[in-house]
Engineer: 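Before I ask anything, let me first share the structure, which is written out below as structure tokens.
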Amino acid sequence: MSRLLADRVTLAYGRGPAVVESLSVSVPDGVVTSIIGPNGCGKSTLLRALARLIAPASGTVILDGEAIHRLPTKEVARRLGLLPQHPSAPDVIAVEDLVRRGRYPHRSLLQPMSAQDHAAVERALELAGVAHLRERAVDELSGGQRQRVWIAMALAQETPILLLDEPTTYLDLAHQQEILRLIRRLARQEGRTVVAVLHDVNAAAWVSDHVIAMRDGTIVAQGPPGEVLQPRTLQQVYGVECDVVECASSGIPWCVARGRSLWRMLELAAETGENGGERGDGSLPEDGPAGRRSRPGAPRDALQARGLSAGYDGRTVLRDVSAAFPAGKVSAIVGPNACGKSTLLRALAGLLPAEGEVWLNGRPLHAFRPRALARELGILAQEAPVPPGMLVEDLVACGRYPHQRWYRQWTPEDQRAVERALEVTGTAELRWRPVEALSGGQRQRVRLAMALAQSTPVLLLDEPTTFLDLAHQIEVLELVRELNETEGKTVVMVLHDLCQASFYADHLVVMKEGRVVAEGPPGSVMTEEMVREVFGMRCSVFPDPLTGTPLVVPQGGDAASPAPAGAAPAAQAETIHGETARASRPPVLRG
Amino acid sequence: MSPKEQAAKQVTQATAGQPAAPGLRVVRAGPVSFRMRRRVTGLVLGALALALAMGAWSLTLGSYPLSLPEVYQVLTGAGSGAARFIILDLRLPRVLVALAVGAMLAMAGAIFQGIVRNPLVAPDIIGVNSGAAVAAVLWIVMKRPAGYVPAAAFAGALLAAAVIYALTWRGRISGSRLILVGIGVNAVLTAATTFLLTRAEIHDASRAMLWMTGSVYASDWSDVRVLAASLAVLAPVGAVLMWSLKVLQLGDVTAQSLGMRVERTRLALIVAGCALSGIAVSIAGPIGFVALMSPHFARMLAGPMSGGVFVLTGLVGGLLVLGSDLIGQHALGVSMPAGVITSALGAPYFLYLLYRTQVRV
């Protein structure tokens with residue numbers, strides 16, 4: 001019997017409708033359990049109920065055979081630690097001080113730290129790998145480091161059960177991997193029970209022993225990752241068509257979402273008489289998948305950065321960057337956090353004072369008047385405030401600003417552009433709702449609609465898929481492809497996910513520490529060496545059997561500690577994944 | 001919009017085929033085109049009618065009561081000599097000044113709240129009005145000619161605005177910095193005013209106090225002319241700037257990416273806001289809380305700020321001051337300046353607003 005379980009719980013916020021209704025689930029002991037599902041499916045709500053943060057309207061959460069609500073708060077905190085979604089630290093608190101706060105449930109008022117407390121803090125710092133940061137202020141750390149410090153605080157609590165709410169959001173690949181590895185270590189080496197709400201299906205499969213897939217407040221499927229990560233189940237959970245590819249070296253199932261553009265691509269490839277997938281020898285087609293190679297002639301560059309340097313408050317972020325973005329193509333900028341991706345995008349849009357030059361369609365950016373520039377180039381920047389009460393349509397209509405004049409505020413052209421933008425982003429039915437009432441995913445689509453209403457031939461998108469669940473990520477990326485294929489829009493976007501970047505972009509720009517380190521078609525840029533060098537992550541790169549675009553799958557090995565049972569050591573995995581090994585054990589395609 | 005344009009205007013539905021936007025009308029005439037919500041148009045017309053009615057009613061009130069027909073006769077050029085004197089020289093200027101001052105303060109409030117994206121901001125909180133007060137009190141205490149108090153007050157408001165702007169500027173104007181600098185400047189200026197009042201002769205001090213409460217008492221036609229002229233220029237400018245302000249509220253980065261020259265637009269907004277507030281304060285003194293309250297009332301009635309809601313805000317402000325003046329003059333046993341009434345109503349409202357904001361956050 002498991003220590004933590006929910007017995008027919010119904011969960012709601014205030015008097016709102018029930019998010020979860022009469023749901024029973026038990027958390028297996030001593031392993032990693034992950035909860036996955038689309039935005040708003042109730043996964044975080046369930047986790048918060050398990051952590052006793054919200055009281056069920058009916059039903060009980062049971063911890064060690066007792067109703068959790070009957071237990072004293074401190075007693076619960078000694079058995080169960082929680083990492084909330086967006087923890088916030090008081091200003092300028094040192095790492096060690098923050099981690100010490102995790103000892104709170106074990107201490108009483110005015111009592112000095114005992115030797116046991118000190119030992120627990122030390123262990124937590126060590127385990128989370130932040131011991132060397134102990135003197136530093138939390139707010140000057142990188143996102144990945146900060147997240148590890150928060151985990152360390154939860155670890156210092158020394159609870160046998162740990163609940164983590166989206167521990168990897170906002171982190172780049174290497175940091176995500178680092179956190180996931182830590183989570184796995186906690187279960188495998190320390191025998192702790194870990195429950196993590198995860199956004200990314202593949203991360204869930206990679207890290208967990210037990211996966212719970214939710215949709216609309218109910219559990220659709222649960223079991224080992226290999227059982228849950230089936231195309232049929234994922235279709236049920238996210239409403240997205242998926243293939244599950246098994247990584248040759250680690251045997252970890254890897255979910256690849258298939259959007260509409262794939263079928264268009266395959267059709268095109270069939271017309272040109274080529275197999276869309278990998279070539280006979282198993283190497284990657286260097287110039288991109290067949291279906292996307294149909295446009296003849298060398299592409300002109302829509303945007304060029306020439307010796308661009310820029311930064312904020314005297315801190316240089318971009319160092320002498322030169323890069324070109326072909327016209328009529330989709331380009332993706334990838335790189336670890338804080339490598340200057342977003343800064344490059346802003347500098348390309350002329351939103352930052354920068355040294356060096358940006359050329360748009362053969363003219364330097366500064367030669368454009370601001371309004372004329374805004375009719376040529378639109379940007380979806382990260383996070384923007386929206387005044388309270390503003391309706392979706394109002395916001396989208398703001399995208400028409402560069403086409404308007406103070407006396408000419410609404411032409412039929414404005415109307416058409418707004419209608420179209422609402423329609424293609426699927427936000428037409430949200431049109432008369434206030435923006436503040438929307439979910440994160442809806443808001444992101446509305447902001448994309450605003451950028452589309454601007455009707456510019458060049459569109460820059462800064463992480464258009466953040467805050468979105470798998471279905472909406474695919475929706476947005478498909479939309480980008482469609483805009484590119486039907487209207488010839490040039491798109492430059494910053495993306496987090498390397499597999500998505502490889503599939504949806506024609507051109508990749510890889511950045512590290514403010515410089516461009518590689519540029520070109522995904523097939524030639526995306527290599528294991530590149531990922532290791534730039535992201536500091538060991539991974540396998542192999543062509544998607546269906547499309548030929550590279551798939552990037554992190555290796556199961558744990559570089560920092562002895563490899564856990566079941567995962568091949570890193571070095572061995574690499575040799576297995578050589579060309580010879582591929583022939584004997586090709587990726588298995590199910591679906 | 002001129003009558004000619006009004007005649008030429010075509011009112012079209014949002015689009016053919018598409019379900020029409022609820023209450024949105026597109027007005028097009030030649031190169032001019034804009035959208036208006038029917039609700040806003042209706043509210044503006046309603047507020048206008050209410051202002052007319054309240055104005056007419058207040059012309060009948062006083063120690064020498066007149067009937068509405070008598071008022072009508074006087075306004076159309078007839079009527080007895082006494083009635084003409086009472087209405088045209090005493091009551092009408094006062095009504096018009098109350099309406100105009102209220103409108104200008106309210107519009108200034110709408111502009112400042114928009115720039116700093118903070119609903120709790122108004123020119124009386126960030127020090128523009130205190131600048132006017134210091135200058136006016138200094139002028140009175142120094143026994144300069146009373147006729148120039150408005151000019152001194154306006155100069156003070158401009159100077160305070162310039163100082164606030166200069167202290168806020170760090171390559172750009174940040175909204176939260178503007179509030180903090182403004183509150184700091186406000187504190188200094190308020191202290192200076194208090195100092196001047198404690199050092200002044202009792203007669204001057206009481207005159208200064210009366211001015212500082214804000215009152216439309218003893219308004220004359222020269223005041224009306226100044227206010228009418230500024231309102232004729234600044235109200236349309238403000239309404240047009242609201243179109244840019246809507247985009248500016250999405251943040252500097254978004255506004256810039258939409259082709260706006262952000263600092264230039266913001267400067268234009270600040271100048272318009274300071275001018276509206278400064279001129280109103282110079283004539284009627286700092287009537288409290290109108291600038292803070294009116295935009296909220298208008299937004300509650302009509303939705304997010306736009307050119308139309310801006311006009312509505314002005315009408316709400318005018319009605320507030322006119323109503324306060326009516327209450328102050330006639331409803332209480334003793335006669336009270338309008339500023340006392342607006343503050344007495346405004347402070348509780350301000351607290352309510354703070355309470356609500358806290359609940360939501």
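Numbered from 1 within each chain, the chains take letters A, B, ... in sequence-line order. Source: prediction; values computed, not measured.
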Engineer: What part of A:Pro412 is in contact with chain B, defined as an atom under 4.5 angstrom from a non-hydrogen atom: side chain, backbone, both or neither?
Structural biologist: both
Engineer: Is there a side-chain contact between A:Gln409 and B:Val32 (heavy atoms, below 4.5 Å)?
Structural biologist: no
Engineer: Measure A:Leu351 against the heavy atoms of chain B and call it side chain, backbone, both or neither at under 4.5 Å.
Structural biologist: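 Contact with chain B: backbone and side chain both.
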Engineer: Donor-acceptor pair, distance only, cut-off 3.5 Å: does the side chain of B:Arg28 make one with the backbone of A:Trp410?
Structural biologist: yes
Engineer: Assess whether atom CZ of A:Arg306 is packed by more than 12 heavy atoms of other residues, nucleotides or ligands within 6.0 Å.
Structural biologist: yes
Engineer: Is the shortest side-chain heavy-atom distance between B:Met260 and A:Arg371 below 4.5 Å?
Structural biologist: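 They are not in contact (no side-chain heavy atoms under 4.5 Å apart), so the answer is no.
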Engineer: Going by heavy atoms in the side chains, are B:Leu258 and A:Arg400 under 4.5 Å from each other?
Structural biologist: no
Engineer: Has A:Trp406 got more than 12 heavy atoms of other residues, nucleotides or ligands less than 6.0 Å from its CH2?
Structural biologist: no
Engineer: Check the surroundings of atom CZ in B:Arg117: do more than 12 heavy atoms from other residues, nucleotides or ligands lie under 6.0 Å from it?
Structural biologist: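 Correct, the count exceeds 12.
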Engineer: Relative to chain A, which segment of B:Met305 carries a heavy atom at a distance below 4.5 Å: side chain, backbone, both, or neither?
Structural biologist: neither
Engineer: Heavy atoms only, distances under 4.5 angstrom: which of A:Leu391, A:Val386, A:Leu373, A:Asp394 has the most pairs with chain B? Name it, please.
Structural biologist: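 Most pairs with chain B among the choices: A:Asp394.
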Engineer: For the atom pair SG (A:Cys398) and CG (B:Leu250), what is the distance rounded to the nearest 0.5 Å?
Structural biologist: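 Rounded to the nearest 0.5 Å, the SG-CG separation comes to 4.5 Å.
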Engineer: Any donor-acceptor pair under 3.5 Å linking the side-chain atoms of B:Ser244 with those of A:Tyr401?
Structural biologist: yes
Engineer: Which atoms of A:Ala381 are under 4.5 Å from chain B, going by heavy atoms: the side chain, the backbone, both sets, or neither?
Structural biologist: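 Contact with chain B involves the side chain of A:Ala381 alone.
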Engineer: Given a strict heavy-atom distance threshold of 4.5 Å, which part of A:Arg405 is in contact with chain B: side chain, backbone, both, or neither?
Structural biologist: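 A:Arg405 touches chain B through backbone heavy atoms alone.
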Engineer: Check B:Ser257 against A:Gln454 and note the closest heavy-atom contact, atom names and distance.
Structural biologist: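 In terms of heavy atoms, the two residues are closest at O-NE2, 3.3 Å.
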Engineer: Do the non-hydrogen side-chain atoms of A:Ile379 and B:Thr254 ever get within less than 4.5 Å of each other?
Structural biologist: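 Not in contact.
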Engineer: I'd like to know whether CD of A:Glu355 has more than 12 heavy-atom contacts from other residues, nucleotides or ligands below 6.0 angstrom.
Structural biologist: no
Engineer: Are any of the side-chain heavy atoms of A:Arg408 and B:Phe34 separated by less than 4.5 Å?
Structural biologist: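 No; the side chains remain at least 4.5 Å from each other.
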Engineer: Can you say whether A:Ala397 sits under 4.5 Å from chain B via the side chain, the backbone, both, or neither, judging by heavy atoms?
Structural biologist: side chain
Engineer: With rounding to the nearest 0.5 angstrom, report the CG to CD distance, A:Leu352 to B:Gln256.
Structural biologist: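 The distance works out to 8.5 Å.
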Engineer: What residue, out of A:Gly378, A:Gly350, A:Pro434, A:Pro387, has the most heavy-atom pairs lying under 4.5 Å from chain B?
Structural biologist: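 That would be A:Pro387.
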